[in-house]
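Report on the following structure.
Chain letters run A, B, ... following the sequence lines, proteins first and then strands; every chain starts at 1.
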There are 2 protein chains.
Amino acid sequence: MRALDNTDLQILANLFRDARLSNKDLAREVGLAPSSCLERVKRLQNDGVIQGCSLKLNMNALGAHIQAMIAVRLSNHNRETFESFMQAVQPAPEVLSLYHLGGDNDLLIHVAVVDTQHLRDFVFNTITCRNEVSHVETALVYDYRQSDTMPKFVLNSSQAV
Amino acid sequence: MRALDNTDLQILANLFRDARLSNKDLAREVGLAPSSCLERVKRLQNDGVIQGCSLKLNMNALGAHIQAMIAVRLSNHNRETFESFMQAVQPAPEVLSLYHLGGDNDLLIHVAVVDTQHLRDFVFNTITCRNEVSHVETALVYDYRQSDTMPKFVLNSSQAV
DNA sequence: GATGAAAATATGTTACT
DNA sequence: AGTAACATATTTTCATC
């Protein structure tokens, strides 16, 4: 993979702010011709720097009035146990995202549910029913905010132009 | 806000999978003429059902080789304390997202950092230096997976067509 | 509301610097 | 690698159903 130069970082920062920016507008923002800009965006996608693009939705409008974070500890920490748990839980329609952590809790599962009864059913039917689960704690999510600016770090030599 | 009908849900599900889908392709997927489809997408944006669209980036390619989840407890739980903490922390370039929870921990902060030293500096300089912080626990994020399918629930009467 | 055709815009190629 | 020009495709408007 090629190192990212400053123009690449500008492209990424702009798309991070608004991924539906047209190529023409993006090119103007970063001071490139549209064709050159398009070429770079494609390269960033091919190189796997850009991994995809997802919609931020208003969960309440979809009928999910409660969001919760479910912390899970497993009884066994080998790879197979993890993978089987994640593969069973991730496809559930309530699951928004899933973190595998190194800490007291092995996993954090961010879910959206209709109401408290739905939350309880989800925890029983999808989480605690699994025999690899040793401990579960559920907390309401009052607020969830995603950064609208791309993480930016001091460049090291391998990234610099 | 108008209730979402089945076509709206199909549009959202398709865009959730790939927000860069062209309007033409989206229209074909949901069985509408491109113009009708565009009209609905605009309405969903205006109604705030679609809140935005963000890029999923390979953090390693940006030079962030470590991701961590920082759990924070505050000494005071009034609104002002929360807001001032969130407004101070959220703009930090390392912060990817921020959860306000009702539970033992008040906040979870998902961060991307260059290395362990950077993580330590971030925790000291941005989190523990603040006097409203009473407890901090940091865990490495080994894996972070976002659902690629839109949460779907049984429709209630207010959402049904 | 939805459609289809026309006008405006954007994309993607190619040749050139 | 970047630019400009061109052909193709898409978006968006609008009159109509």
Whole Å only: how far is the CG atom of A/Leu21 from the P atom of C/dA10?
-> 11 Å
Whole angstrom value for the distance that separates C1' of C/dA10 from CD of A/Glu29 = 16 Å
Grab the CD-P distance between A/Glu39 and D/dT3 for me, whole Å please.
-> 11 Å
Donor-acceptor pair (no angle test) under 3.5 Å: A/Ser35 side chain, D/dA4 base = yes
Ignoring the backbone of A/Leu32, work out which of C/dA10, D/dG2, C/dT3 is nearest its side chain.
-> D/dG2
In whole angstrom, what separates B/Asp5's CG from C/dA2's P?
-> 8 Å
In whole Å, what is the span from the NZ atom of B/Lys42 to the C1' atom of D/dT11?
-> 9 Å
Using the six-membered ring wherever Trp is involved, compare the ring planes of A/Tyr99 and B/His110 and label them parallel, tilted or perpendicular (cut-offs 30° and 60°).
-> perpendicular
When you check the gap from the basic side-chain N to the acidic O, do B/Arg40 and B/Asp8 get nearer than 4.0 Å?
-> yes
Can a side chain N or O of B/Arg40 be found less than 4.0 Å away from OP1 or OP2 on C/dA2?
-> yes
Just how far is it from atom CG of A/Leu38 to atom CG of A/Asn23, taken to the nearest 0.5 Å?
-> 4.5 Å
Could you give the CG-to-C1' distance, from A/Asp8 to D/dG2, as a whole number of Å?
-> 14 Å
What integer distance in Å separates A/Asn23:CG from C/dT13:P?
-> 12 Å
Could you state the atom-to-atom distance from CG of B/Leu38 to C1' of C/dA2 in whole Å?
-> 13 Å
Between D/dA1 and A/Ser36, is there an OP1 or OP2 to side-chain N/O distance shorter than 4.0 Å?
-> no
A/Thr149 versus B/Pro93: any side-chain heavy-atom pair under 4.5 Å?
-> no
